[in-house]
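As a basis for the values below, the full set of heavy atoms in this structure was taken, side chains included, without hydrogen atoms, waters or symmetry mates.
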Amino acid sequence: MQKFLLLVFVLLFPLFAAAQQHKVSGTVTNAAGKRLPFAAVFAEHTTLSMLANERGFYSFKLNSGSYKLIFSLVGQKQTAITLDLKRDTVLDIRLETENLVVKEASANGEDPAYAIIRKVIGKRRFYKKQVDNYTCKVYLKGVQKLVSGPKRYLNDSVIKVLSLSKKGSSIIYQAEASSQFNYAGRRKVKEVLEASRMAGDHPGFNFNRALDIKTDFYNNLLHWDALSNRSFVSPIAQNALAFYKYKLVGSFNENGLLIHKLQVIPKRKSFPTFAGYIYVVDGAWRLHSLDL
C-alpha cells in the first residue's frame, strides 16, 4: 500500500509543479512618478490580460515560465518587459510620454489633421465591413466616483450615503466581469458571462457586460440609453466635418507604425459630440485608439 501511494505521488507531483502559479504585481507610473490609472497589462501571444486600478496598481497570476509583458496606455509609450517567472514578483513600471513630432501647416494654412481625417472617413465603410465574425475574451472593469457635490444632503453626509469602501472614499459603484464574446454580424451577437462581481447599485451605469458598451466608431452615430436619449456623432462620421474641428498634435512611431495624434474639437457645445483625441495609423488610415 505504501508503494502504491508513493507511486501516485511521484506521478502527480510533476503535474502540480507544472501548474504552479506566481503573482506578478506592481504600480504603473509616468515619467514624473505619478501613478497612471487603468493602464493595460497583457502577456504577449496569450489571452492573459488585466487593467491597473484607479491607483495604478495591478496584480495577476501566471504559471511559471517566460513571458513578454506589454504595458500600454493611451498617451504613453508602450513598454515591453521580458520576465522569467519562477516566484512571486514585484514589477513597477514607468511609462514614458509619447515623443510627438509636429508637422507644419500646409501651404494653404489648413491644419494637416484635415487631410488625415478625410482619408480616415474615406476608409470608414471598408473597416466597418472588414471583419465578418470573431470570438474574443473580454475583461471589463468599471469605477464610478463622485467628483463633486454637496457635503451634506437632508442632514446626511453624501459621502457616507454613497461610499462603498473606506470612510472618505468617493467611489459609488464598482464592477468587474470576464466573458466570452461572439460576433457574427450585427444580428448575431452572443456573450457568455464567465465571472462577475459588483459593489453598489446604479442601474443607469452598471456596465458589466461587453454588450452594454458595444461601440463602433466607424458608425456615423453612437448611442447609449444610459447616458442620453440623443445619439452622438462619431469623430469620423461621414458628415463629421460639419460637427468637429481637428488639430494635428503630433506623430510618433509604435512597433514600426507611424501614429498620428489628432485633437477633436466640437464646433458647438450644443452638438452631441465628443472632445478629446483620436489616434490614426498612417497609410492604413484606420483608428489606432481613442481618448474621448
[atom1]-[atom2] distance between [X] and [Y], expressed to the nearest 0.5 angstrom:
X: His260; Y: Ile116; atom1: NE2; atom2: CD1; answer: 4.0 Å
X: Phe57; Y: Leu36; atom1: CZ; atom2: CG; answer: 15.0 Å
X: Asn182; Y: Tyr134; atom1: CG; atom2: OH; answer: 9.5 Å
X: Leu48; Y: Phe60; atom1: CG; atom2: CZ; answer: 7.0 Å
X: Gln263; Y: Asp291; atom1: CD; atom2: CG; answer: 11.0 Å
X: Leu221; Y: Ser234; atom1: CG; atom2: OG; answer: 8.5 Å

In terms of relative ring orientation, are Tyr114 and Tyr246 parallel, tilted or perpendicular, with 30° and 60° separating the classes? perpendicular
What class does the angle between the rings of Phe232 and Trp224 fall in, given that below 30° is parallel, 30 to 60° is tilted and above 60° is perpendicular? tilted
Compute whether any side-chain donor of one residue and acceptor of the other, for [X] and [Y], lie under 3.5 angstrom apart.
X: Glu194; Y: Ser179; value: no
X: Ser64; Y: His22; value: yes
X: Asn255; Y: Gln78; value: yes

Which atoms form the tightest heavy-atom contact between [X] and [Y], and what is the distance?
X: Ala240; Y: Pro235; answer: CB-O, 3.4 Å
X: Lys267; Y: Ala242; answer: CD-O, 3.6 Å
X: Pro112; Y: Leu248; answer: CB-CD2, 3.7 Å
X: Leu193; Y: Ala177; answer: CD1-CB, 4.1 Å
X: Arg87; Y: Thr89; answer: O-OG1, 2.9 Å
X: Ala284; Y: Lys123; answer: O-CE, 3.7 Å

Does [Y] offer a backbone N or O that forms a donor-acceptor pair with the side chain of [X] under 3.5 Å?
X: Asn30; Y: Gly33; answer: yes
X: Asn220; Y: Val233; answer: no
X: Ser72; Y: Ile70; answer: no
X: Asn53; Y: Gly56; answer: yes
X: Asp282; Y: Leu258; answer: no

Hey, any chance [X] and [Y] share a hydrophobic cluster, counting ILVMFWY side chains that come within less than 4.5 Å of each other, even indirectly?
X: Phe181; Y: Val131; answer: yes
X: Tyr127; Y: Val264; answer: yes
X: Tyr183; Y: Val138; answer: yes
X: Tyr58; Y: Leu83; answer: yes
X: Ile265; Y: Tyr244; answer: no

Check: [Y] and [X] side chains under 4.5 Å, non-hydrogen atoms:
X: Leu73; Y: Val28; result: no
X: Asn253; Y: Ile259; result: no
X: Gln76; Y: Glu96; result: no
X: Ile93; Y: Thr29; result: no
X: Val24; Y: Tyr67; result: no
X: Lys86; Y: Asp84; result: yes
X: Phe38; Y: Glu54; result: yes
X: Ile117; Y: Ile278; result: yes

Checking Lys261 against Glu98 for the salt bridge (charged side-chain N to carboxylate O under 4.0 Å, His left out) test, could you report, in this order, the C-alpha distance in whole Å, the side-chain angles of both residues, the deciding distance, and whether it holds? CA-CA 10 Å; Lys261 180 179 181 179; Glu98 58 197 15; 3.5 Å; yes
Derivation of the side-chain contact (heavy atoms from CB on, under 4.5 Å) call for Trp285 and Ile121: CA-CA 9 Å; Trp285 310 119; Ile121 292 173; over 6 Å; no
Atom [atom1] of [X] with >12 non-hydrogen neighbours under 6.0 angstrom:
X: Lys23; atom1: NZ; result: no
X: Lys61; atom1: NZ; result: no
X: Arg286; atom1: CZ; result: yes

Using a strict 4.0 Å threshold on nitrogen-to-oxygen distance, state whether Arg197 and Glu176 make a salt bridge. yes
Please determine if Glu110 and Arg118 form a salt bridge, counting it only when a charged side-chain N lies under 4.0 Å from a carboxylate O. yes
In a check of side-chain contact (heavy atoms from CB on, under 4.5 Å) between Tyr277 and each of Leu290, Val249, Val74, which one passes? Val249
What do you reckon, are the aromatic ring centroids of Phe217 and Phe274 less than 6.0 Å apart? yes
Walk me through it: do Leu91 and Phe71 pass the test side-chain contact (heavy atoms from CB on, under 4.5 Å)? CA-CA 11 Å; Leu91 188 62; Phe71 296 81; 4.2 Å; yes
Check for me whether Arg124 meets the cation-pi criterion with Tyr218, that is, NZ or CZ under 6.0 Å from the six-membered ring centre and within 45 degrees of the ring axis. no
From CA spacing to verdict: side-chain contact (heavy atoms from CB on, under 4.5 Å), Gln180, Thr135: CA-CA 7 Å; Gln180 179 167 301; Thr135 298; 3.7 Å; yes
Chi angles and distances behind the side-chain contact (heavy atoms from CB on, under 4.5 Å) call for Lys77, Thr97: CA-CA 6 Å; Lys77 279 187 179 179; Thr97 304; over 6 Å; no
